Amino acid sequence: MNNSNSSDTQFAIIPDRQSIETVQRDIRFFPTQNDSPTLLSRDQVAAWNLDGYLGPLDVLDADEAISLRDYFDQLLADTMAEGKDSYSISSAHLKHARVWDLLQHPKLVSYVSDLLGENVIGWGSHFFCKMPGDGKRVDWHQDCSYWPLTPTKAVTVWLAIDDADLDNGGMEVFTGSHQHGLIDFDMTESDSGNVLDQVVHEPEKYGQHRFTPVRAGQVSIHSDLLVHGSAPNQSDRRRCGLTLRYCPADVTAYLGWEKKGVIVAGSADSEKWPGAERPASLAN
């Protein structure tokens, strides 16, 4: 699999805390105002504003889902052969053409545009892959606490590579928690078993717990302010999801993150989002 070797493809999976804190951000939920959505229904848009979460939504058919899983199987094998772990495939659209193309999948872009408007940037892509019996978990957190973006209008599309359920560590959310701004969190130690490094305690104070199984080829979408996480994979089945991150083009990125951005719908100010290039590829 051919990867881009540009330094512009290298971004830390977890940004430096001190650097994030230098960015002045407008942290609050911005409800969607869209009376004529293209792919979502009006009820789904209303549910988004209320819950900060939608899913599952269909994207890939069965053959496409199998093809994507086969692709990821090889990508994971190559990654682990390099001595890296199953969580290390980050900013993947800048390195792998297949992921770049997925970021711009017409159905995904239509879902996201219904929520974010006509001018949309795709800026992130990260495989979260829990191997069978994986003891790691993702503690309760809000995505926006990690991201040098303002205002907080970003969304994550969680695309299932494998079927995800509670047994293999599927993602759980607290709907409504996106209405509380930035919620206090504690930092966790590197040996704690947490894939990330933050934990929001007592998330039930902020929303209603929900878990929805997501089949391979389906997606869920969540706000960057939604509290979510996932338990360890206790099963004998892998659980991989590809997170694809989007924001409206009026969002400003700091710490060089504008270099990640790809215009997936409409247009953008070239000073805010100069536009990353599709990685060269022979096989992917």
Side-chain angles (χ1 to χ4, degrees), residues 28-34 37-60 64-65 68 92-93 99 102-128 138 140-147 149 151-165 170-179 207-230 239-249 251 261-262 264-266:
R28 56 193 170 98
F29 179 66
F30 294 80
T32 296
Q33 306 292 332
N34 186 355
T38 300
L39 196 55
L40 297 173
S41 68
R42 289 187 180 184
D43 286 346
Q44 286 173 314
V45 172
W48 168 259
N49 287 334
L50 181 66
D51 296 333
Y53 174 83
L54 287 174
L57 303 170
D58 293 329
V59 175
L60 305 181
E64 291 170 327
L68 179 58
H93 67 290
V99 182
L102 271 174
L103 190 70
Q104 302 189 74
H105 189 287
K107 199 165 188 179
L108 284 180
V109 172
S110 291
Y111 284 139
V112 172
S113 296
D114 280 346
L115 299 177
L116 299 183
E118 62 182 0
N119 300 314
V120 180
I121 303 296
W123 59 264
S125 50
H126 186 179
F127 288 96
F128 282 85
V138 179
W140 303 115
H141 69 284
Q142 296 171 291
D143 291 336
C144 73
S145 64
Y146 290 101
W147 296 344
L149 307 175
T152 50
K153 296 181 179 180
V155 304
T156 292
V157 172
W158 200 97
L159 172 61
I161 308 299
D162 307 312
D163 293 348
D165 52 42
M171 188 178 71
E172 303 172 60
V173 306
F174 280 85
T175 59
S177 56
H178 65 306
Q179 301 285 1
Q208 187 74 31
H209 178 265
R210 181 185 300 178
F211 173 76
T212 305
V214 183
R215 298 194 311 273
Q218 292 184 320
V219 301
S220 64
I221 307 176
H222 64 267
S223 162
D224 55 358
L225 284 157
L226 189 76
V227 175
H228 62 288
S230 60
R239 191 234 65 176
C240 179
L242 171 61
T243 57
L244 300 168
R245 324 283 196 177
Y246 302 87
C247 67
V251 167
V262 178
V264 299

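Treat the numbers as computed from the prediction; the structure is a model and nothing was measured.
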Checklist entry - Do the rings of H228 and H141 sit parallel, tilted or perpendicular, given the 30° and 60° boundaries? => result tilted

Checklist entry - If you take all heavy atoms of C247 and W123, which pair is closest and at what distance? => result SG-CD1, 3.7 Å

Checklist entry - Between D224 and V155, is there a donor-acceptor pair closer than 3.5 Å when you use the side chain of the first and the backbone of the second? => result no

Checklist entry - So, for V109 and V264, which heavy atoms are closest and what is the spacing to 0.1 Å? => result CG1-O, 3.6 Å

Checklist entry - Do Y246 side-chain atoms and L103 backbone N/O form a donor-acceptor pair below 3.5 Å? => result yes

Next on the checklist: Quick one about T156 and D143 (side-chain donor to acceptor, distance below 3.5 Å, no hydrogens or angles considered), yes or no?
Outcome noted: yes

Next on the checklist: Quick one, L244 with W158, criterion side-chain contact (heavy atoms from CB on, under 4.5 Å). Give me CA distance, side-chain angles, the key distance, then yes/no.
Outcome noted: CA-CA 6 Å; L244 300 168; W158 200 97; over 6 Å; no

Next on the checklist: Taking H126's backbone N and O only, do any of them form a donor-acceptor pair with T243's side chain (distance below 3.5 Å, no angle check)?
Outcome noted: yes

Checklist entry - Is the backbone N or O of G176 less than 3.5 Å from a side-chain atom of Q179, with the two atoms forming a donor-acceptor pair by type? => result no

Checklist entry - Does S177 use its side chain to pair, donor to acceptor, with the backbone of L226 at less than 3.5 Å? => result no

Checklist entry - Does N119 use its side chain to pair, donor to acceptor, with the backbone of A249 at less than 3.5 Å? => result no

Next on the checklist: Quick one about H93 and S125 (side-chain donor to acceptor, distance below 3.5 Å, no hydrogens or angles considered), yes or no?
Outcome noted: yes

Next on the checklist: Is it the case that the side chain of R215 and the backbone of D58 share a donor-acceptor pair, with hydrogens and angles ignored and the cut-off at 3.5 Å?
Outcome noted: no

Item to check | Least distance between heavy atoms, N49 atom then H178 atom | outcome: O-NE2, 3.0 Å

Checklist entry - Is the gap between the ring centers of F174 and H209 under 6.0 Å? => result yes

Checklist outcome for this item: Closest non-hydrogen atoms of W147 and A154, given as atom of the first, atom of the second and distance, are CZ3-CB, 3.7 Å

